[in-house]
Enquirer: 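Structure incoming, see below.
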There are 2 protein chains.
Amino acid sequence: MPKGDKPTSFDIAYMAGVSQATVSRALRNSPLVSKETRIKVQSVARQLNYKVDKNAANLRSQQTRTLALLLFEDPTSDDSLINPFFLAMLGNITRAAARNGYDLLVSFQQLSEDWHGEYEVSSRADGMILLGYGDYVSYAEKLAHLAEANAHFIIWGPMVEDQPGHSLGCDNVQGCYDASRHLLDLGHRRIAFIGGASEHCPEFLLRYQGYSKALTEAGTPVDKELQVDADNQEISGYQAAQQLLEDGREFSAVVCASDLMAIGAIKAFKENGKQVPGDVAVVGFDDIPAASYMNPPLTTVHQDTNLAGKLLVENLIKLIEGEAVESSLLAPSLVIRESCASET
Amino acid sequence: MPKGDKPTSFDIAYMAGVSQATVSRALRNSPLVSKETRIKVQSVARQLNYKVDKNAANLRSQQTRTLALLLFEDPTSDDSLINPFFLAMLGNITRAAARNGYDLLVSFQQLSEDWHGEYEVSSRADGMILLGYGDYVSYAEKLAHLAEANAHFIIWGPMVEDQPGHSLGCDNVQGCYDASRHLLDLGHRRIAFIGGASEHCPEFLLRYQGYSKALTEAGTPVDKELQVDADNQEISGYQAAQQLLEDGREFSAVVCASDLMAIGAIKAFKENGKQVPGDVAVVGFDDIPAASYMNPPLTTVHQDTNLAGKLLVENLIKLIEGEAVESSLLAPSLVIRESCASET
DNA sequence: GATAAGCGTGCAAACGTTTGGCCTTTTGCC
DNA sequence: GGCAAAAGGCCAAACGTTTGCACGCTTATC
């Protein structure tokens, strides 16, 4: 082995006085080699600071022990900022992957991009996790391609009808139902909803359904006038709240389809001299880190990103290993802080 | 090509009526193949949905076009929460890597871990980025090993004496100097400092230096009584503030070595009936997302994570390509919000 | 004292690329 | 028309593993 070059298994073999094949087996603790040999080989390997070449190993064994995380960014969002909720997910997924002995390849995708992008990644990983506020409708075709190519993938998001592949999501309906229920229990009757009610984003649509359901059950009419579309950004929440205010619509509470929008909305209310929670109660969804630091601390629907990351990774690995996996929904929990007061 | 199997370059070659070598060249737009052939090959490849096998390609060309991000977690920190500042860095690094055509492998490391961990990753990437609140002293040995093995790596953090490798960091001294200066300009004279002043974390030490420098320049004595150690967590900031309060030390302002600690400190002050900024002014460091949402919005030292991510990636790539790189420092900027008022 | 069984190793063939070198055409030039 | 040069393509050798198979050497069995 010339000095400076990376040692190969042949170098180890030579130094340990065995064949290269034996080195390979010994290093992976194969029961086919004697304990003695194994110890000998491993000690030489350590001494030479030898590391298996992953490319060669993966090529030969046709697997990568790598998971890919495809993060679909909101195309409208500011380039420099990532949705904090996904950031939290990312962190937890990374951890879960590591705990399961997998590497994690992270890649940002623009929804608008050439669908080949996903395949590209797929050749470098055994499976992939798709993360994004699921405008899955617009890339259903891509998913179909993936499924067709026998790719292993799991989607973070709601279970959408006819959607190929497996998914894991949060029970959005239940979450927003609980949040709305909370507002109703506080005596509110005129409750607005900020967040898209189009099929463009199934998450928000489902959250809207939870809201509707709660109101309906309580015998409160769902007033279309009190629902305003917005996408998942602070500025959108701000604008939506402005609109509500400008139109002079009457309401004492708002449920926002995400914390980011809630933050924007609260800002708008404050700027217009409305007290939160005094004049208007606000609930959010996601429980991003900022939610607890805000003024007032935001009452919101908590999603367990730790559990989600763990399950996403574990289910994907099952998929890779050929085991059956059920798509499922995680239960959210309402965390009550200070952004909601009783209707007076 | 049996149905269901992934097509190889041989399949493309066969269908396009050329040799496999030509396929390889055509797909990479080599000038060695005619335009005609190239188009033909590429169209067949697209048609068969062919994707180059990265493992094979990397093995042969001995490079991976992959960067590894090693995130060193504070061993004391809560398992479920990642330091928001690093999360922001992570996002920006991912983006920068993608823009430069590199994949990003993300890996969490425990400081306490076997140092082999790093090597392990290194065989899967062309270079690596080390990210963490730099207790580099404690793994200087690992860094030396890396350097010795001719690994390409760049460290996020201050330039520490004798530290092998390249680094990129924020000018911590300047940042805290500016923050302290701001407080002094507002008339404060009894200014406390929360954050470790030990060499355990060079970042905090440098920030403390900036603080000392500002006070000294202003002719204000640096009172050791007003400095309290804390590590980078909300709870530590909380405890440090408590301690300051309990001991009955007199102060009208606090500079915190990180936003997380500032958040904790503010919480402690509020709980003890102190108004921020009325009774005590607080500045932080990092400008994490939550800083602007807090009550009051936190005046803090902003680090440009977007630029940092970009530079980290670009410098690392230069290193990989054998170009010279200078370790350097990024200029922080003070962002003034509402957590500091004039001393009355 | 053969024969069978087991255990530990070595041999060599993949895995799917990239790439240096060689061979055939074409093309340009006198 | 002959020759050199350039263009375009093919051959085959890597890259460093994993793994099926064959081979020897012990040890147990009849």
Side-chain angles (χ1 to χ4, degrees), chain A residues 1-2 4-42 44-45 48-66 103 119-120 122-126, chain B residues 1-2 4-42 44-45 48-66 103 119-120 122-126:
Chain A
M1 182 187 64
D5 274 16
K6 247 180 28 183
T8 73
S9 51
F10 283 95
D11 299 315
I12 312 297
Y14 178 76
M15 295 209 59
V18 297
S19 76
Q20 180 270 338
T22 300
V23 170
S24 170
R25 287 195 257 259
L27 291 177
R28 282 170 313 123
N29 295 317
S30 160
L32 289 153
V33 313
S34 68
K35 191 176 174 187
E36 228 176 297
T37 313
R38 181 173 58 225
I39 291 176
K40 168 89 188 183
V41 168
Q42 291 185 345
V44 173
L48 292 194
N49 200 7
Y50 167 79
K51 276 291 153 191
V52 172
D53 182 308
K54 280 287 165 185
N55 287 318
N58 291 341
L59 170 59
R60 172 58 226 230
S61 58
Q62 293 296 79
Q63 54 151 22
T64 65
R65 279 246 140 202
T66 297
D103 280 333
Y119 287 96
E120 213 149 81
S122 80
S123 83
R124 293 169 235 185
D126 296 337
Chain B
M1 182 188 66
D5 273 17
K6 245 181 27 183
T8 73
S9 51
F10 283 95
D11 299 316
I12 311 296
Y14 178 76
M15 294 209 59
V18 297
S19 77
Q20 180 269 338
T22 300
V23 169
S24 170
R25 295 200 165 94
L27 291 177
R28 283 172 309 125
N29 296 316
S30 158
L32 269 57
V33 313
S34 68
K35 192 176 173 189
E36 231 176 298
T37 313
R38 180 172 58 225
I39 291 178
K40 169 87 189 186
V41 168
Q42 292 186 344
V44 172
L48 291 194
N49 202 6
Y50 167 79
K51 276 290 155 191
V52 171
D53 182 306
K54 280 288 166 186
N55 286 319
N58 291 342
L59 170 60
R60 171 59 226 228
S61 58
Q62 292 295 80
Q63 54 152 21
T64 65
R65 281 246 139 203
T66 297
D103 280 334
Y119 286 96
E120 213 148 84
S122 82
S123 83
R124 290 168 237 186
D126 296 336

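Per chain, numbering begins at 1; letters A, B, ... match sequence-line order.
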Enquirer: Ignoring backbone atoms, establish whether A/T37 has a side-chain N or O less than 4.0 Å from OP1 or OP2 of C/dT9.
Expert: yes

Enquirer: If every non-hydrogen atom of B/P7 is compared with every non-hydrogen atom of B/L48, which pair is closest and at what distance?
Expert: CG-O, 3.7 Å

Enquirer: State the OG1-CG distance between A/T64 and A/N55, to the nearest 0.5 angstrom.
Expert: 10.5 Å

Enquirer: Determine to 10° how strongly the helix from C/dG1-D/dC30 to C/dC30-D/dG1 is bent, judged from the axes of its five-pair ends.
Expert: 40°

Enquirer: Heavy atoms under 4.0 Å, any strand shown: does B/S24 hit a base, just sugar-phosphate, or nothing?
Expert: base

Enquirer: Roughly, in whole Å, what's the span from CD in A/E36 to C1' in C/dC7?
Expert: 13 Å

Enquirer: Counting any heavy atom closer than 4.0 Å, what does A/A21 reach on the DNA or RNA strands: base, sugar-phosphate only, or nothing?
Expert: base

Enquirer: For chain B and DNA chain D, what are the first and last nucleotides along the strand, 5' to 3', with at least one atom under 4.0 angstrom from a heavy atom of the protein chain?
Expert: D/dG8 to D/dG16

Enquirer: In this structure, which one of A/D11, A/I12, A/T8 forms a side chain to side chain contact (heavy atoms under 4.5 Å, CB included) with A/V23?
Expert: A/I12

Enquirer: Hey, are the side chains of A/T66 and A/K54 touching, using non-hydrogen atoms and a 4.5 Å cut-off?
Expert: no

Enquirer: Could you check how far CZ of B/R25 sits from P of C/dG21, rounded to whole Å?
Expert: 12 Å

Enquirer: Any idea which heavy atoms bring A/S19 and A/A13 closest together, and the distance?
Expert: C-CB, 3.6 Å

Enquirer: Distance check needed: C/dT24 C1' versus B/L32 CG, whole Å only.
Expert: 15 Å

Enquirer: In whole angstroms, how far is the P atom of C/dG8 from the CG atom of A/N29?
Expert: 14 Å

Enquirer: Would you say A/S19 places a side-chain N or O within less than 4.0 Å of OP1 or OP2 belonging to C/dC11?
Expert: no

Enquirer: How close do B/M15 and B/V44 get, heavy atom to heavy atom, and via which atoms?
Expert: CB-CG1, 3.8 Å

Enquirer: Rounded to whole Å, how long is the line connecting atom CG of B/N58 with atom C1' of C/dT19?
Expert: 15 Å

Enquirer: On DNA chain D, check which nucleotide each of A/F10 and B/G17 is closest to and give me the residue with the more 5' one.
Expert: B/G17

Enquirer: Provide, to the nearest angstrom, the distance between the NZ atom belonging to A/K40 and the P atom belonging to C/dG8.
Expert: 18 Å

Enquirer: Less than 4.0 angstrom between a side-chain N/O of B/R28 and OP1 or OP2 of C/dT19, yes or no?
Expert: yes

Enquirer: Working to the nearest 0.5 Å, report the span between CD of A/Q20 and CZ of A/R25.
Expert: 9.0 Å

Enquirer: Is the shortest heavy-atom distance from the side chain of B/S34 to the side chain of B/E36 under 4.5 Å?
Expert: yes

Enquirer: Judged by each residue's nearest nucleotide on DNA chain D, which is more toward the 5′ side, A/R60 or B/K35?
Expert: B/K35

Enquirer: Between A/D53 and B/Q62, is there a side-chain heavy-atom distance shorter than 4.5 Å?
Expert: yes

